[in-house]
Structures are given as C-alpha cells and as structure tokens.
Amino acid sequence: MGGSGSRLSKELLVEYQDLTFLTKQEILLAHRWFCELLPQEHRSVEESLQARVSLEQILSLPELKRLIALHRAAVKIAMQSAWPSACNTANPFKERICRVFSTSPTRDSLSFEDFLDLLSVFSDTATPDIKSHYAFRIFDFDDDGTLNREDLSQLVNCLTGEGEDTRLSASEMKQLIDNILEESDIDRDGTINLSEFQHVISRSPDFASSFKIVL
Amino acid sequence: MSRSLAFVLNVPETPQDPEDSQEPSPYDESEVHDSFHQLIQEQSRWVAEEGLELQQRVLGAGALGASGSDRQALLGPEGAPVYSTATLRILASMPSRTIGRSRGAIISQYYSRTVRLRRRAGWPQLRDVGRSARPSLRLYDLELDPVVLEEEEKRGLLVKELQGLTVAQRDHMLRGMPLSLAEKRCLREESRPPRGKRRVRGRHGLLSCCSRLRDSCILASHNLGLALLSGLQALMPWHYALKRIGGQFGSSVLSYFLFLKTLLAFNTLLLLPLLAFIVAVQAAFPPAPSGSTPAFRGLELLTGGGCFTHTVMYYGYYSNVTLNQPCASPLDGGQCTPAAGGLPYNMPLAYLFTVGVAFFITCITLVYSMSRSFGESYRVGSTSGVHAVTVFCSWDYKVTQKWASRLQHDNIRTQLKELLAEGQLWQRPRRACGRLQQGAVLGLVWLLCLGTTLVCALAVYTFSELVIQSRVSAERDWALLALPLVVCLLNLGAPYLFRVLAVLERHDSPVLEVYVAICRNLILKVVILGILCYHWLGRRVGTLKDQCWEDFVGQELYRLMVMDFIFTLLDTLLGELVWRLISEKRSQRKGKPEFDIAGNVLELIYGQTLTWLGVLFSPLLPAMQIIKLLFLFYVKKTSLMANCQAPRRPWKASHMSTVFISLLCFPSFLGAAVFLCYAIWQVKPSSICGPFRTLDTMYEAGKVWVRQLEEAGPGVSWLPWIHRYLVESAFPIYLASALLLAVIYLNIQVVKGQRKVICLLKEQLSNEGEDKIFLINKLQRIYERKERSRAFQPWEAWKQLLRKAAGDPVASAGQRDDRGASQPPERGPLPTPLSGRVGRTEEAVMPPAVFTDDWDAQ
C-alpha cells in the first residue's frame, strides 16, 4: 500500500522480529493492514504505533475490505484473503480474542503491538506452550484463572452456536461437562486449571494446526 | 505447577486492612466480607453509570443476589460444601489459578524457568551481571504496596536472570513468554547489558572473549535462519490457495492438498539426482542414432511409444559405455586404462547407483516423516479424553467464511451429540438378535467386496494373457491402450460399487467406516498392481525376445499413469460436477457431494506407486508425475470450490495424515522396492538395448566394476573387501535385522515404562487433589467455627463497619482511587454469583497491578 507510505524503522522491525514469531514480511504486512484501519491523516509511523483500533472497527472489516478493493484493485487479492480470521465475523471467539490481547484500559481496542501479539501467537511457528496458554485465557470467559462449569458451558455454546435451536439441551450439557471434568480435572477440584488444560491440549496433535491463523 | 509454588504461594494480605494478621480474627473476616459486598455494589453502580456494553454475556445481572444452589457450580461436583468468602479468597489466590491470569505469576514462572535453564547450561555469570545496571523502577514508583514490591522484586530477578543468558537464548525466552509485546520490549531493554560493561568483561580473559564470539556466532546464525525462513516463506507455493481451502473446508480437506504437496516434494527429491547424474549426462553424450525416428502423430502422448521410444525417457536409450572415453565397451575387459581421459563416467554404474541412491533417499525421508507423524499424532498415554479434546481443540481458527463457520458449528454439535449418545450406547448393550444380523450383513458385504476384487483380478489377468497372444504391430498403437483402459475402468468402477455396498452395513463410528473403505480399495489396488507386475516381469520378458522389454514396461507404466490421470479428471468432472447439477435440479436444498478424502488420497498413492515402479525403466517418469500432480492440484481445487461441500463427518486430520503416509510407505513404497530389487537381481536385461545389455543381471554391473577395481591395484583394495564381506554375504543382513529388532524391542519397553510412570503420576496427582480438598474443608471448618462464635457478638462487626465507613477517610479514599484506576469495567459483572465474587474478592485483596497487565502503563 504505497498510499500509507510509512514504513517501520529498521530497529523497531528487528525488535519485533526478535520478540514475536513473525517474519519481517508478516510484520510489514500487519502494519500495512493496521494502517488501513486508521484515518488517512493518522497513518504516519509514530501515530500508527500509538493508535488503537476499536473492536467495532475491526469487526467492520469486510466493508472496509470492499472499499479498499474498489480503490486499489491491484492489492485486492492480497487483502481479501489476508485479513486474519481471528477478527473476522466468522469466529465465535472474536470478542474473547480481542479482549485477551488488548492492553487498553477498557479492553475493547487493539494497538498495533497488541495486534502483532495476536498474530504472533496464532502464527505457524509459535510454540505449543504459548498457544495453549492463550487458548486457556480465551476460554476463561470470566477471567478468574480457571475453567469452571460456567466457562465450559459458555465455551460449548460458542462451539455449537448461540441460537436457541442449536444449543445442547440442559441435560446434554450437564453430561458433557461432567465428562470433560472427569477426563481432564486431574486433581478433582471441580475446575480445570492451566496445567490441566495444557495436559489435555498436549494429547491432541490437531490443536497446533487448528489454533492457527494463516497470514 | 509445583515449580512455581515456591514463588507464587503468597496468600495476599489485604492491603486495606493493615491490622489483618496472618490468621484473620473473626471480625476481620466479616469486614473483608462486608467491604467486599460494598465493592461489588459500587462497582456495578459505576458500571451501570458508565453504560458500557458488558451485559451481553452476563448472566450476572441477577448474579449479585447469591443463591446457595448456584454456589455449587464453582466448586466440584454436586454435594460439595459451600465455602465462605475467606476460603474462596484463598482458593482464588492458589498458584494453580493465578498462573492463568496474573502477570506476576507468569513472571515468576518464567523466572524459575530461566534459573533452570541457566543451571542446566552452566552459564553462571550472575556474579558479573549482579553488579550491572539495576532495572529501572520507573513503572513502579507510584505504587509501593508490599505485593507490588514483591512482584517488582520477582521482575528484577527475572531481568537479572535474563541478563545472564546469551542474546539468542534471551530472545528465545522472551518470545515464548505469554506477556504483551510492550512488556516484552521493556524486559528486553532492561536486560540488555550496557556497552561499557561488556568491554570491561572482555578484559577479564579468554573465556568471555570466547563467549562473546559464541554470542555473535549464535546471533549471526539466528539472523541467517530468520532470513532463510522469510525467504522460504516468499517461495512457498500455493500459500493463498491452501489458505482459502483451509478457510472454507477446514483442516480435513486441507490434509488432502497437503498430502499432494508432500508427494510433489518426494517426486522432486527423486527426480533431481536422476536428472543430474543420468539424464543430463546421457543427453550431453548422445549415442549414435539408430535408424530413423517416426514422426510425431499425437497419439504418442497417450501411448508413450512412437517417437518417444528412443529418447532419454526410456531405459533403452542409455548406453553401456564409459561416456567420456574414446574407446568403447569397458565392461568387456578393459582395453582402456581407466584414468586415461580424466575421470571416467561409467554409465551402467551411474544408472544403477543413481536409481539406488535416489530410492534410498526417498526411503529415508519417508520413514523419517512417518515416524515424526506417528510421534505427533499418537502420544504415550493419549487414550482417553475425547470429550475434553473435542471441546478444547476442535474449533478451526483458520476458517474465515461465515457459512464455513456455520458448518463448523453444525459439525461440532453433531460430533458432541454423537459422543454423548455413544456414551449412552455403551451403557446399554444391544440385543443379541440385532448383533447377529449386523454381523451377517458385515460378513456378506465383505464377501461381496472380496469377490469383486477377485473378479477384477481375474479380468486383468485374462485380458493381459489375451494381449500377449495377439501380437500388436507397430502401426496399431491403439491396441496398446486396451490394457491400461481396462485397469483404469476397474479402478474407477469398483470403488463406487464398494461405496454402494458400504451403505448396507451401518458402522457405529464414522472413522471405522473410512478405514474399512480405505482397506477395501487398497486390497483391490494392490491385487491389480501385483498381477500387472507378474505380467510384466514374468510373462513379458519371455515373449519380447527381439525387443527391449524394459522400454515396453516403461511405456506401459507411462500409459497407465496417463490413463489414470485422464480417468481422475473424468471422475472429477462427471462424478462431482454432474452430481452437483443433478442434485441441484432434483432437490432445491443444498445437495452438493462431499469431497471424498479417502478415495482421492488413495488415487494419489496409486499414482505414486506407478511412478516408483517405473523409475528404473523410465527415469523421467517422476517428471511426468510432477506435471500430473500440478495439474491435479488446480483441477481438484477448482472442482472443490465449485462443486463440493466440506465433509459432514468429523475427521481427525492428523491421525488421517499419519495413516496416509504409512500407506504410502508400506504397501506402496515397499512393494515398488521389492519389484525393483527383483528386476535388478533376478531378471535378465534385454540384450539389444540399455546400459546392461551385455550382462546377465543388472546387478552384475556392480560386480564387474569391483572386479576391475581389484585388478586396478591395491590402492582401493578395501572396496572389493567391503563388497565381498558386506554385500555378498548374508551376515550383515542378519546383523542389521537383529539390530532393528533390538531397537524396536527397546522402544516398546521404554514406552511401557513411560506408561507405568504416567499411571503412577496420575495416581499421585489425584491423591494430591484429595489432599487439597481435605485441607480446604479443614480451612472452611475453622472459618465456620469462628463465624459461629462471632455470631454471638454482632455488634462488634457493626462497630467495625461503622468505623470503616465514617472514620478512616484516607484509607477508604485511597482504596476507592485504586479501584477506580484499576478496575476495567468489564471485569465487573461476571457470569455466576460465585465466580463474580471470587473475582472481586481477589481484586479487592490483591493490589491491582498484580493481575492486570496494562494498568501500570498508564
């Protein structure tokens, strides 16, 4: 996007490269997308690093993409397929993801560094450890450090769809949660803590390939 | 978990109540409780005033009135005791629960990890760095609560530890920390040793100089690695195509395309040595042309014969001479001295060794990737836990399309329901009659499938005999296509029949269904290929006395491959496109066919087997296969996008890819290897063409060479010795197989031991859990007793509360300030009354900076 015209300084780029699991190209691409979300006059490097993008703005991206596609046909393909699906409307965990990665006081907006953090965790090369840590925080809906029955039922609802007709019935839900706790709550305290969660995750080879967002 | 215990086990004292001692007195407890309640109310009021949108997921509107029955939701299964706030406070600050949430806990966890790393690496420069710059405290000079201090202390320790590491290690450590990027940058800045310090250290001696050298080497290699990685990223083909497929159809369909990509890599690996050492060399030294080449007619693209026959495509073209020497036929007795004109290039040897080495490389890569895939997908002790794994790991974050995500919702729901139903099914056994009936159906279907396979095999056999009896003249190329056509028709038709038959038997689990389908198709393909191999090596060699039978086999494999490709295209077109059109016409609802992953993968494996079988007879066959795969990728992708829908059944993508790669290894590669070995060791090569035309078997080329070496002199006498004792005698084979068996046995025993240890550890963990519950109950009982004794003097509590509300304005104001600055509003209303309360208790008790990541940044 030549229009934004701003490039990250070399030192900053190297630093980001060292501290995240992203490559140089990916960081530059992420910065370009991020700048696309900002108003035209705030696209300088300094301002883009300070700026925050609200959750609504990120969620409104499909429209934005269309606009960009209209204006810049050349980059259309890249933009269409490139915006990370975490912030896409298709993902039921989008709000949780944005909340977990946000560092703003109200936890409803992402700065560029938060955005890089997000991409780094969901990248190909991130360690399973860090992936499962963030997965745990995403699933911990009430932010209390453990997955209790409430969290689990909310999680299951997110997975099956929130609608009345798509949910599991109360008895099914109860049975499912009982089973989950039976399987993964090793110390039998009624909740699943981080290490128990990571233990479950480590048994599933599919996790690392599904907990991923392709840039 | 236990490792972090030492650092995090600090039950936070309430900073608001300085008089609160280690063991809270009864009315302290009530004060905590009451101020808590106030806190909650204030908070919810504040949130309501702010009018922020948090209420969507809040069942917490009515959460403030805590009802007793809801409390059980938090702790344990039904019947668990209801705990008081003080107990809950302690529970919430247990290390196992803080680690998933608070920054302090994460920092201390990583501190202990770095310490361990340092100890293990033997990199003890703490003495040096201890005197280096103190970490800056600018972030923390506003708040000096004891707990904050403690966290800051831990942070300082972590920074010190990080300073002790090398640059690469530190970056690696920081990269893996689940902290925000700003935090990481800060830590990195602080832990960077100052420049001057380094110079001083440099004077100390050789050691630090060496370490600096090592540092820079590691850094350079790290940078190089990063650059290479990013370069590779740029080269990665089909990145967006694969992303789109993954986004629309999920990981299971993606695994087919990834498998295709893997095959492409295998073929490239196979082709490169062949191209470099056989084809290019032979093309540089072309043999004398034998007669006139027939004109190109177009049909050759299908038959592979005609004008292609005398080219580098086939075995027959390659010469049996040492290429860059003027005199011919070195194998006859060596009229030329070997070192006459530079290094001699012995074509037969090159042919044999290149094919062998290429096969060997493929074998190693295949076994390696298979073992890695096995290691990833079947871990020790991963037997139970379907429900938990399904719930935690089944969402595919790659999915971008809305309808795809809806489909995923549906899939997961069905999967969960099936799992639950399966659990119930286990509980009540089926009636004997039903089981008998199902067994009978199963047997019948298997019988029919095996019968079909037998019929197909017989058909191929009789047809091949027919072809042998009716001699095909060079003009009638069309007749050559008959056998491949029949084989492909059978290969295409029988799987459909199997699929129809499979409808009759109803398997309980979809995975089993897929495995059964794969098994049947595999049996069919193996049998047909086996008969074809017999036809070529057993019958054709005898009948083609005056021709080059190697060329014929190569052409036959080429024809089979091309036919297979055409039929796959037709199948894609007719099977998928027409099916979709018909189903769209017939019914208005969406009736797109599902993408048949298993069938398609088996097609790929079959094609690959053909390539491997033909490498010896047609060195350029891998190139054809590469072209075919490239075409196939685009055709399948287009067809998938236009015609198919994602499979409704859940797939365990990683398990399936393990199965695919093992199928590629075991029947396919192993079969091809056996075929080639037989051809090299046992079959007499034809006497009018090819690099081995004067020899009895192809293997004799090696023998002749060794004999020459023996004659050449004692300088290389070790080589014949190796040949005699290692290759010719059977002893090394026995030794190798014995070693292999020993390794396998040892591995099995190790895994067994690990299983045992896992069982023991599990037992220990559950004991610990019971201990914990026991201790919690004890704690609860003590609190209860105190509460009961306090209940007799309620005025004390009231007095306390009043004093708190009226007097002591400084403390309460500070407290409110803290809260105002630190509470993110959405932390306010929480789903359940109890967890809400725990969260708040926690926040009231712990100073804010401990568990909010971002507040100190303000």
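Quick caveat, the model's predicted, so the values are computed rather than measured. Chain naming here is simple, since letters A, B, ... match the order of the sequence lines and numbering starts at 1 in each.
Contacts with chain B were tallied for A:Ser120, A:Ala135, A:Gly161, A:Ser184; A:Gly161 has the most, counting heavy-atom pairs under 4.5 Å. Considering only heavy-atom pairs separated by less than 4.5 Å from chain B, the leading option among A:Thr20, A:Leu181, A:Leu19 is A:Leu19. Counting heavy-atom pairs closer than 4.5 Å to chain A, the top residue among B:Ser766, B:Ala182, B:Cys393 is B:Cys393. When the candidates A:Glu15, A:Glu182, A:Arg167 are compared by the number of heavy-atom contacts under 4.5 Å with chain B, A:Glu15 comes out ahead. The residue among A:Tyr16, A:Phe101, A:Phe21, A:Phe139 with the most heavy atom pairs within less than 4.5 Å of chain B is A:Phe21. Residue with the most contacts toward chain A among B:Ile773, B:Ile412, B:Val391, B:Leu765: B:Val391 (heavy-atom pairs, distance under 4.5 Å).
Using a 4.5 Å heavy-atom cutoff, the side chains of B:Arg185 and A:Glu113 are in contact. Residues A:Thr160 and B:His409 have side chains not in contact (no heavy-atom distance under 4.5 Å, counting atoms from C-beta outward). Residues A:Asp114 and B:Leu181 form no side-chain contact, since every pair of their non-hydrogen atoms from C-beta on lies 4.5 Å or further apart. Inter-residue side-chain proximity for B:Pro178 and A:Tyr134 is flagged as met; some heavy-atom pair is nearer than 4.5 Å.
Residue A:Leu176 touches chain B through both its backbone and its side chain, counting heavy-atom pairs closer than 4.5 Å. At a 4.5 Å heavy-atom cutoff, the contact between A:Leu147 and chain B is made by side-chain atoms alone. When heavy atoms are compared at a cutoff of 4.5 Å, A:Phe211 approaches chain B by way of both its backbone and its side chain. Contact annotation for A:Ile177: neither backbone nor side-chain heavy atoms come within less than 4.5 Å of a heavy atom of chain B. Only the side chain of A:Phe197 comes within contact range of chain B, with heavy atoms under 4.5 Å apart. Using a 4.5 Å cut-off between heavy atoms, B:Leu254 makes no contact with chain A at all. For A:Leu116, the part lying under 4.5 angstrom from a heavy atom of chain B is the side chain only.
B:Asp771 is linked by a salt bridge (Lys or Arg N to Asp or Glu O under 4.0 Å) to nothing, counting only residues two or more places apart in sequence or in another chain.
Taking the six-membered ring wherever Trp is involved, the centroid distance between the rings of A:Phe207 and B:Phe392 does not fall below 6.0 Å.
One finds the NE2 atom of A:His133 at 8.0 Å from the CG atom of B:Leu179 (value rounded to the nearest 0.5 Å). With rounding to the nearest 0.5 angstrom, the OG1 atom of B:Thr390 is 8.0 Å from the CD atom of A:Glu183. Atoms CG and CG, on B:Leu420 and A:Asn179 in that order, are 6.5 Å from each other to the nearest 0.5 Å.
No option in B:Lys184, B:Arg175, B:Arg188, B:His172 other than B:Arg188 meets the side chain to side chain donor-acceptor pair (under 3.5 Å) test with A:Asp18.
When every heavy atom of A:Thr103 is checked against every heavy atom of B:Ser180, the shortest pair comes out as CG2-CB, 3.8 Å. Residues B:Met177 and A:Ile130 approach most closely at O-CD1, 3.6 Å, considering heavy atoms.
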